[in-house]
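Worksheet: one structure, shown below.
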Protein chains: 2
Amino acid sequence: MRIAIVDDDPLVRMGLKAILGSEGGWDVVGEAGDGEAAVALATRERPDVLLMDIRMPGIDGLEATRRIVSAGLPTAVLVLTTFELDEYVFDAMRAGAAGFVLKRVPPTELIEAVRVVAAGESLLFPASTRTVIERFAAREPGITLPELTEREQEVLRALARGRSNGEIAAELFLAVETVKSHVASILTKLGVRDRTQAVIAAYESGFVAPGEPTD
Amino acid sequence: MRIAIVDDDPLVRMGLKAILGSEGGWDVVGEAGDGEAAVALATRERPDVLLMDIRMPGIDGLEATRRIVSAGLPTAVLVLTTFELDEYVFDAMRAGAAGFVLKRVPPTELIEAVRVVAAGESLLFPASTRTVIERFAAREPGITLPELTEREQEVLRALARGRSNGEIAAELFLAVETVKSHVASILTKLGVRDRTQAVIAAYESGFVAPGEPTD
DNA sequence: TGACGGATCCCCCGTACGGGGGAGGGCGGA
DNA sequence: TCCGCCCTCCCCCGTACGGGGGATCCGTCA
């Protein structure tokens, strides 16, 4: 397995190298001290795993991660930082990092983390997982949808897939008038003006979520 | 540390008990075979950690978790299931579980998971973490929006807040006709039919996200 | 039994919406 | 310099949409 290490502190790089080098079958194929060099390194060596520091001069680790991921390189970026800042975690996730761990974790856990991301999985250190879960859960009760009947829920799901009244009628084997009356009752129940606002309410309430079966 | 075990299969309960009992300082203070009994058990014993199966007769593990969490009990629920279904993970997170692991993980990892949630942290098994990150990042699974001009992006954001053409015109100090032409070019660029589908595309692409500034 | 809500369907009507076409000003790249 | 893009505004037109009335059938529940 081929590993690259990116950190602006040579001492940290040496430490990481020492830890990872103790594992058999692993090979540290390159090092970099800033984001620019990190992207170049990843492009040239195409390592399996890249340990990425966040705070670096010039292009920081998050931006470098973004570039590496969006370049479609076969490299799993494991973000490795000193600070337990939640925003770092979220930004790293959004940047496309495969994992997020603190530098101060014991060597065995770091090795395990590298193994996990190399296997195509992901991991966060426990405290981050907690905040992620909290934010995920907290997003849920943004608004609560009023009680909708079975049929109305079906129609709302169809609305959230961008269907017109005619299409919904065809899909559910109904007359357009029936669909219209369902839509009308949905609108009044949700207290919104039109189907677009109904779809927004569906997303905001978690009734439908991005990335779910759109069709 | 006081632990409770909830699973409808007596054999599984015995197995878990055997694994956890091998740790010093841990005490299995109760068992339950369904959700109803789980809530009663948690209320009565107030354990530090509760291992919760999902698939159970009657009230399932997710609903039981919801009740335990919303009751404000000092119990960290570690959801433990056989199936690697993503929806289970998300539902468990929403229900307030502190962790989510598969039954088939090695005993050492299970023990580690109990230790983590008991410490007030959270954890997911790696494959779940990956899907959670992906959904959170909302980059990969979604679609990519074609290039929109500044103005078009403003208009799309307004659309995603449920605004009508007239309202957008007022907000942006434009003529309704201008808004209409922006909307028209958005629709053609996104390849969609109406504003509702445009809003859906905005959510699915991550251009806007649930829980973000709705107003 | 009757009341009630859900689901289905019908008609009328006004309008916001979306398609098509065009036109002018500003600003940066070729 | 001229071309192209963006932003702005204008007109016409057809229709899907949403609001307002209904009506009928069905199950549940009191």
Side-chain angles (χ1 to χ4, degrees), chain A residues 143-208 213-215, chain B residues 58-59 143-208 213-215:
Chain A
I143 57 177
T144 320
L145 241 47
E147 303 239 322
L148 297 179
T149 67
E150 279 292 321
R151 221 31 170 172
E152 287 163 355
Q153 293 186 29
E154 282 184 77
V155 173
L156 181 53
R157 262 186 290 274
L159 289 179
R161 283 178 359 233
R163 302 289 192 258
S164 70
N165 289 343
E167 288 167 342
I168 297 173
E171 283 176 18
L172 301 183
F173 305 104
L174 294 175
V176 184
E177 290 78 18
T178 308
V179 177
K180 287 181 67 171
S181 80
H182 285 310
V183 171
S185 92
I186 289 172
L187 296 185
T188 56
K189 280 188 181 179
L190 301 194
V192 297
R193 184 179 50 199
D194 51 42
R195 61 208 296 107
T196 303
Q197 292 187 348
V199 170
I200 293 169
Y203 272 103
E204 293 296 328
S205 69
F207 179 80
V208 295
T214 314
D215 259 301
Chain B
I59 297 178
I143 54 180
T144 325
L145 240 49
E147 302 237 322
L148 297 180
T149 67
E150 280 293 321
R151 220 34 169 171
E152 287 163 355
Q153 293 186 29
E154 283 184 79
V155 173
L156 181 53
R157 263 187 289 274
L159 289 179
R161 294 197 326 253
R163 301 289 192 259
S164 70
N165 289 342
E167 288 167 341
I168 297 173
E171 285 176 16
L172 301 182
F173 304 104
L174 293 175
V176 185
E177 289 79 19
T178 308
V179 177
K180 287 180 67 172
S181 79
H182 285 310
V183 171
S185 90
I186 289 172
L187 296 185
T188 56
K189 280 190 181 177
L190 301 194
V192 296
R193 185 179 50 201
D194 52 42
R195 63 209 295 108
T196 304
Q197 292 187 348
V199 169
I200 293 169
Y203 273 103
E204 294 296 329
S205 68
F207 180 80
V208 296
T214 313
D215 256 301

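Just so it is clear, the structure is predicted and the values come from calculations on it, not from any experiment. Letters go in sequence order (proteins before strands), and every chain restarts at 1.
A salt bridge links B:Arg161 with B:Glu171: at least one charged nitrogen is closer than 4.0 Å to a carboxylate oxygen. Look at A:Arg157 and A:Glu154 and you find no salt bridge, because none of the NZ, NE, NH1 or NH2 atoms lies under 4.0 Å from a carboxylate O.
When the nucleotides D:dC6, D:dC17, C:dC17 are ranked by their closest atom to the side chain of B:Asn165, C:dC17 comes out on top. The nucleotide whose nearest atom lies closest to any side-chain atom of B:Ser181 is, among D:dT8, C:dG18, C:dC9, D:dT8. In the set D:dC7, D:dC10, D:dG18, D:dC10 carries the atom at the smallest distance from any side-chain atom of B:Ala175. If you check C:dA7, C:dG18, D:dT8 against the side chain of A:His182, the one that comes closest is C:dA7.
Residue B:Glu177 contributes atom CD, which lies 18 Å from atom P of C:dG22 at whole-angstrom precision. Between A:Ile186 atom CD1 and D:dG18 atom P there is a gap of 10 Å when expressed in whole angstrom units. Rounded to an integer number of Å, the gap from CZ of B:Arg163 to C1' of C:dA16 is 17 Å. The CZ atom of B:Arg151 sits 13 Å away from the C1' atom of D:dC9 (whole-angstrom rounding). D:dC10 atom C1' lies 14 Å from atom CG of B:Leu174, rounded to whole Å. Summarising the geometry, the separation between NZ on B:Lys180 and P on D:dC7 is reported as 19 Å, rounded to the nearest angstrom. At whole-Å resolution of the value, CD1 in A:Ile168 and P in D:dA16 are 14 Å apart. As a whole-Å value, the separation of B:Arg193 CZ from D:dA16 P is 10 Å.
For the pair B:Asp194 and B:Gln197, the minimum side-chain heavy-atom distance is below 4.5 Å. The shortest side-chain heavy-atom distance between A:Leu174 and A:Arg151 falls under the 4.5 Å cut-off. Proximity of B:Thr149 to B:Lys189: side-chain heavy atoms (C-beta onward) are separated by under 4.5 Å at one or more points. Contact check for A:Leu172 versus A:Val179: no side-chain heavy atoms found under the 4.5 Å cut-off. Residues A:Leu190 and A:Glu152 have side chains not in contact (no heavy-atom distance under 4.5 Å, counting atoms from C-beta outward).
A:Thr178 comes within 4.0 angstrom of a nucleotide base, judged by non-hydrogen atoms across all strands. Looking at heavy-atom distances under 4.0 Å, B:Ser164 makes contact with sugar-phosphate atoms alone, never a base.
End-to-end axis angle of the helix from C:dT1-D:dA30 to C:dA30-D:dT1, from C1' rotation axes over five pairs per end: 40° (rounded to 10 degrees).
Closest-nucleotide positions on DNA chain D for A:Ala184 and B:Phe173 were compared, and the one nearer the 5' end corresponds to B:Phe173.
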